[in-house]
Student: 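Have a look at this one before I ask anything.
Both backbone and side-chain heavy atoms feed into the values below; hydrogens, waters and symmetry mates do not.
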Amino acid sequence: MARNPNPRIHLTQKALGQTIGKAIFHQSSGHDLGGGAIDQETGQVEEWDQSGSLREPKEHLEKFPWVKFDRTIEVDVTTLDAWAAENYVKYVDFIWADVQGAEEDLILGGMNTLRNTRYFYTEFSTTELYAGAFGLNEITERLPFFEIVEVFQQDVLLRNKNPWG
């Protein structure tokens, strides 16, 4: 795969959720005319595709009106725990999760893996950008075996109090 020159990296084309199967993914599009990424080859503002989610957009539509959610697709979904088992991953040093409002789904589908994860870095929202999106309090309530290391605007770094048992 051209985007993956490192043989130690294995890409999986599945969404992470709380169940295994299929789900509707809300694709994002639009143009951030204020600070969007510029395509290096064409010099044009690139299409915004960084807000897609398994969760339906809610307050995102008002807060970022230039982001559109005009398309949905059906995607394969697995859980973090199932992925870890299939790939023989028992211990994890660091997870960086950017799941656009689906933090609850990732956490509920990955409790065993998260118990064996040293650091967990994820986004959170102070408003319900996506239907049912977790805030920081909900994340820490679901992960009582983690403690906050630092909060960075809308992201949090958590450390497992007792990694690997």
Student: Could you tell me whether a side-chain N or O of Lys58 sits under 3.5 Å from a main-chain N or O of Thr127, the two making a donor and an acceptor?
Tutor: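 Judged by distance alone, no pair lies under 3.5 Å.
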Student: Counting only N and O atoms by type, is there a donor-acceptor contact under 3.5 Å from the side chain of Glu138 to the main-chain atoms of Gly135?
Tutor: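 At least one qualifying donor-acceptor pair exists.
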Student: Is Lys161 atom NZ crowded by more than 12 heavy atoms from other residues, nucleotides or ligands, each under 6.0 Å away?
Tutor: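 For Lys161, atom NZ is crowded (more than 12 foreign heavy atoms under 6.0 Å).
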Student: For Phe146, give me all partners under ring pair (Phe, Tyr, Trp, His ring centres under 6.0 Å), at least two apart in sequence or on another chain.
Tutor: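 Phe146: no ring pair (Phe, Tyr, Trp, His ring centres under 6.0 Å) contacts found.
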Student: Looking at Arg55 and Ala131, would you say the former's side chain and the latter's main chain have a donor-acceptor pair under 3.5 Å?
Tutor: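 Yes; judged by distance alone, with no hydrogens or angles, the pair exists.
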Student: Using side chain to side chain contact (heavy atoms under 4.5 Å, CB included) as the criterion, list what pairs up with Leu108, not counting sequence neighbours.
Tutor: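 Side chain to side chain contact (heavy atoms under 4.5 Å, CB included) check on Leu108 returns Gln18, Glu104.
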Student: Hey, does the side chain of Asn160 reach the backbone of Asn162 with a donor-acceptor pair shorter than 3.5 angstrom?
Tutor: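 At least one qualifying donor-acceptor pair exists.
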Student: Centre-to-centre under 6.0 Å for His60 and Phe69, is that the case here?
Tutor: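 Ring-ring flag for His60/Phe69: true, centres closer than 6.0 Å.
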Student: Can you name the residues that form a side chain to side chain contact (heavy atoms under 4.5 Å, CB included) with Phe152, not counting sequence neighbours?
Tutor: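 Partners of Phe152 by the side chain to side chain contact (heavy atoms under 4.5 Å, CB included) criterion, ordered by chain and then number, come out as Tyr121, Glu150, Asp155, Leu157.
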Student: Taking all atoms of both residues into account, what is the closest heavy-atom pair of Ser53 and Gln100, and its distance?
Tutor: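 Nearest heavy atoms, Ser53 then Gln100: OG-O, 2.6 Å.
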Student: My understanding is that only residues two or more places apart in sequence, or in another chain, count here; which of them pass side chain to side chain donor-acceptor pair (under 3.5 Å) with Asp81?
Tutor: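 Once residues adjacent in sequence are excluded, the partners of Asp81 under the side chain to side chain donor-acceptor pair (under 3.5 Å) criterion are Thr113.
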Student: Set out, in order, the CA-CA distance, both residues' side-chain angles and the distance that settles side chain to side chain contact (heavy atoms under 4.5 Å, CB included) for Ser28 and Phe64, then state yes or no.
Tutor: CA-CA 11 Å; Ser28 66; Phe64 305 100; over 6 Å; no
Student: Who passes side chain to side chain contact (heavy atoms under 4.5 Å, CB included) against Asn137, sequence neighbours left out?
Tutor: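 By the side chain to side chain contact (heavy atoms under 4.5 Å, CB included) rule, Asn137 matches Glu141.
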Student: Which atom pairs, one a donor and one an acceptor, fall under 3.5 Å between side chains of residues 72-80 and the rest of the protein, sequence neighbours left out?
Tutor:
residue : atom : partner : partner atom : Å
Asp76   : OD1  : Lys22   : NZ           : 2.6
Thr79   : OG1  : Ala82   : N            : 2.9

